[in-house]
Amino acid sequence: MKFTHRDIDHIGSLPDILRESPHKVEVLSHEEEMPYIEGRKPLIIVDREHLSKMLASLPEEQHQQMEMLFANPPKASVDTAVADGEVLPYCGGITVIFTPGHTPGHICLSLNQSKTLITGDAFVAVDGEFRGPNPQATYDMDSALKSLKKLTHYDFETVICYHGGVYSDHANERLAELASAAD
Ligand SMILES: [Zn+2]
């Protein structure tokens, strides 16, 4: 399994998957992200006030569950570190694109055969529009904007935003517009 980064909404079920799977599941991440996924470094919370407000708005039971999750975030050992530009031998070739910013070791994945970009949280989409990295959840905005530019050097037909859905309409152009708007 390849993890774009360690946020709870991306790796939350990892320990369960590793425990329940009948086969050995290989966990891959960028080296910079490993200490966070493995719990050797604490979970990065960019805007604690925003998080507290968000949690407070949840129904009581969910609020309690989320508090427990943040107090004791899921973690797991990473088997293999992947590097920028590395092509993984899955799905006809998946290129790792190191895109730090949202977290220190964030990666995007390019599914080369179908020219599909899996963004992780490098950027989001809202109401059908690509939007830049969410400032309330971005660890290093300068790096995040550089990473956005880096993505424009690739050729994509489809973009899958973890927050925002699947886009196949002029993906490259829209990505270029987003990157130049961030200047
Ligand atoms: Zn995230």
Side-chain angles (χ1 to χ4, degrees), residues 1-18 27-58 62-63 65-78 81-84 88 94-111 116-127 129-151 154 156 158-167 175 178-179 182:
M1 298 189 75
K2 299 157 284 295
F3 289 93
T4 58
H5 65 292
R6 81 89 60 224
D7 282 348
I8 285 174
D9 57 337
H10 294 255
I11 71 156
S13 52
L14 174 58
D16 295 323
I17 293 170
L18 296 181
V27 178
L28 300 90
S29 83
H30 193 275
E31 193 178 0
E32 291 282 327
E33 203 69 3
M34 281 172 67
Y36 299 96
I37 295 175
E38 295 184 334
R40 290 183 280 117
K41 283 188 179 176
L43 185 67
I44 296 170
I45 296 171
V46 176
D47 187 340
R48 199 167 279 279
E49 200 180 328
H50 175 72
L51 176 68
S52 304
K53 276 190 196 147
M54 196 267 286
L55 295 184
S57 71
L58 295 171
Q62 274 180 38
H63 185 177
Q65 283 173 353
M66 291 299 283
E67 290 281 5
M68 276 164 58
L69 202 55
F70 275 96
N72 187 16
K75 56 186 177 183
S77 307
V78 176
V82 294
D84 186 44
L88 307 172
I94 299 178
T95 300
V96 174
I97 310 172
F98 182 44
T99 48
H102 175 75
T103 60
H106 189 281
I107 56 172
C108 293
L109 297 170
S110 164
L111 279 64
T116 299
L117 170 66
I118 296 175
T119 67
D121 283 354
F123 65 95
V124 300
V126 181
D127 299 331
E129 294 287 327
F130 288 171
R131 302 268 176 90
N134 176 0
Q136 276 158 343
T138 299
Y139 163 76
D140 177 348
M141 188 52 88
D142 275 354
S143 301
L145 296 177
K146 281 194 191 106
S147 293
L148 203 55
K149 282 227 169 347
K150 185 175 182 178
L151 293 173
Y154 293 78
F156 300 116
T158 302
V159 171
I160 303 176
C161 292
Y162 183 79
H163 299 282
V166 181
Y167 295 85
L175 191 51
L178 178 67

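Order of listing sets the numbers, starting from 1, for every ligand and every atom in it. In what follows, residues are counted from 1 in the order of the sequence shown.
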- Backbone or side-chain N/O/S of H10 under 2.8 Å of the Zn ion (ligand 1): no
- Backbone or side chain, does D9 get an N/O/S atom under 2.8 Å to the Zn ion (ligand 1)?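 It does not: D9 brings no N, O or S atom closer than 2.8 Å to the Zn ion (ligand 1).
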- Message: Tell me if a side-chain donor or acceptor on H5 pairs with a main-chain N or O of G120 at a distance below 3.5 Å.
- Response: no
- Message: With a 3.5 Å distance limit and no angle check, can you tell me whether H63 reaches the backbone of S57 through a side-chain donor-acceptor pair?
- Response: no
- Query: What N/O/S atom of H5 is the closest to the Zn ion (ligand 1)?
  - Reply: NE2
- For the Zn ion (ligand 1), find the closest N/O/S atom on D7 and give its atom name. OD2
- What does the angle at the Zn ion (ligand 1) come to, between atom NE2 of H102 and atom OD2 of D121, rounded to 10°?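 Value returned, to the nearest 10°, is 100°.
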- Donor-acceptor side-chain pairing of H102 and N134 below 3.5 angstrom: no
- Using the ring of each side chain (for Trp, its six-membered ring), is F156 parallel, tilted or perpendicular to Y154, with breaks at 30° and 60°?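 Judged by the thresholds at 30° and 60°, the geometry between F156 and Y154 is parallel.
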- Under 4.0 Å between a Lys/Arg side-chain N and an Asp/Glu carboxylate O for D84 and K150?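 Judged by the 4.0 Å cut-off on N to carboxylate O distance, D84 and K150 do form a salt bridge.
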